[in-house]
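Presented below is the structure to which this report refers.
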Amino acid sequence: MHFDILQRPFQLSQSQIDFYRKNAFIKIKEVLTPEVVAHFNRVISAKVDKLNTQTKKLKDRDTYGKAFLQIFNLWTQDVQIKELMFSKRLAQLAADLMEVDGVRMYHDQALFKEGGGGITPWHADQYYWPLSTDRVITVWIPLQAVPSEMGPLEFAAGSQEILTGRDLSISDESENLIGEKLRVTDCPKISEPFDVGEVSFHSGWIFHRAGPNTTNQTRKVMTSIYMDKDMLLKKPENDGQINDWETWCPGVEIGKVIDSHLNPILFER
Ligand SMILES: O=C(O)CCC(=O)C(=O)O
């Protein structure tokens with residue numbers, strides 16, 4: 001199935017761009033239609049079912065494992081998912097918010113928080129990424145509405161300026177230490193439900209988390225990470241970054257533009 005809306009630009013207001021620059025996240029309603037969301041819910045759910053290798057019961061997993069099922073780079077597995085992840089609408093939104101001339105794919109991932117699933121601890125994504133600047137952004141696309149009880153993404157607005165906690169992987173420790181730090185800062189914590197068609201964008205260094213899913217329905221979310229088309233590979237600083245280099249930027253040399261076959265340019269002015 002083909003959806004014209006995915007190629008149509010979404011016009012941001014200057015105040016939305018200013019909001020993102022200040023807060024490092026934004027929620028935007030009506031980026032996608034209910035038809036598009038329902039279609040990709042079916043397509044992505046089927047792919048996640050097929051590719052999921054998690055067999056442990058929730059109660060037997062660690063905190064990270066309880067947070068979500070995580071399946072990577074679905075765009076390489078399915079042409080329809082590729083159409084969504086490569087859509088000009090999302091890629092241009094990413095470029096407009098980051099105020100860059102173009103964006104490339106870093107990678108995508110489905111994040112399915114199962115019914116009864118646990119919290120996603122406080123963290124900053126860029127801990128995991130061997131990227132030379134902060135011009136990197138994640139679009140978080142709910143595949144159904146996300147009421148508070150399902151664990152919508154929560155942001156500490158403006159926390160991209162805080163350095164404490166950037167060196168922590170997603171864990172009980174990150175939840176506690178970053179949570180403590182945020183209690184003594186004046187970054188407002190924004191945790192709001194998502195409507196169908198609403199998406200959020202957040203930057204690499206903002207601290208974010210999600211509450212547990214206390215319903216018996218899976219909170220299905222698809223995400224894609226876009227980076228500045230001129231992003232350089234930095235020398236990795238931890239094992240996660242070495243893994244990301246090998247997995248999402250294969251063959252790219254340190255100090256060079258990240259332009260492997262997995263990192264096509266998706267929008268350019
Ligand atoms: O979906 C979640 O619970 C967490 C998502 C997240 O941390 C991200 O997309 O960066």
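Counting starts at 1 for both ligands and their atoms, in listed order.
- Looking at Arg135 and Asp101, no side-chain N of the basic residue comes within less than 4.0 Å of a carboxylate O on the acidic one, giving no salt bridge.
- Look at Val221 and you'll find every heavy atom at least 4.0 Å from all atoms of ligand 1.
- Ring centers of His123 and Phe207: at least 6.0 Å apart, outside the cut-off.
- Each of the following atoms of ligand 1 lies closer than 4.0 Å to a heavy atom of Leu153: 4 (C), 5 (C).
- Salt-bridge check for Glu154 with Lys189: failed, with every basic side-chain N at 4.0 Å or more from each acidic carboxylate O.
- Assignment of His202 to the shell around ligand 1 is supported, since a heavy atom sits closer than 4.0 Å.
- Of the protein's non-hydrogen atoms, the one nearest atom 3 (O) of ligand 1 is Thr120 OG1, 2.7 Å.
- Some N or O of Arg219 is nearer than 3.5 Å to an N or O of ligand 1, by distance alone.
- Here is the list of ligand 1 atoms found below 4.0 Å of a heavy atom in Ala210: 3 (O).
- The aromatic ring centres of Phe19 and Phe25 sit less than 6.0 Å apart.
- Looking at every heavy atom in both residues, Thr63 comes nearest to Asp172 through OG1-OD1, 2.6 Å.
- Ring pair Phe201/Trp140: centre-to-centre distance not below 6.0 Å.
- Taking every non-hydrogen atom of His208 and a distance limit under 4.0 Å, the qualifying atoms of ligand 1 come out as 6 (C), 7 (O), 8 (C), 10 (O).
- Listed by chain and residue number, nothing satisfies the ring-ring contact (aromatic ring centres under 6.0 Å, His included) test with Trp205 (two or more places apart in sequence, or in another chain).
- Geometrically, ligand 1 and His123 share a nitrogen or oxygen pair separated by less than 3.5 Å.
- Of all atoms in ligand 1, listed by their number and element, those nearer than 4.0 Å to a heavy atom of Asp125 are 10 (O).
- Looking at Gln109 against ligand 1, nothing comes within 4.0 Å, counting heavy atoms.
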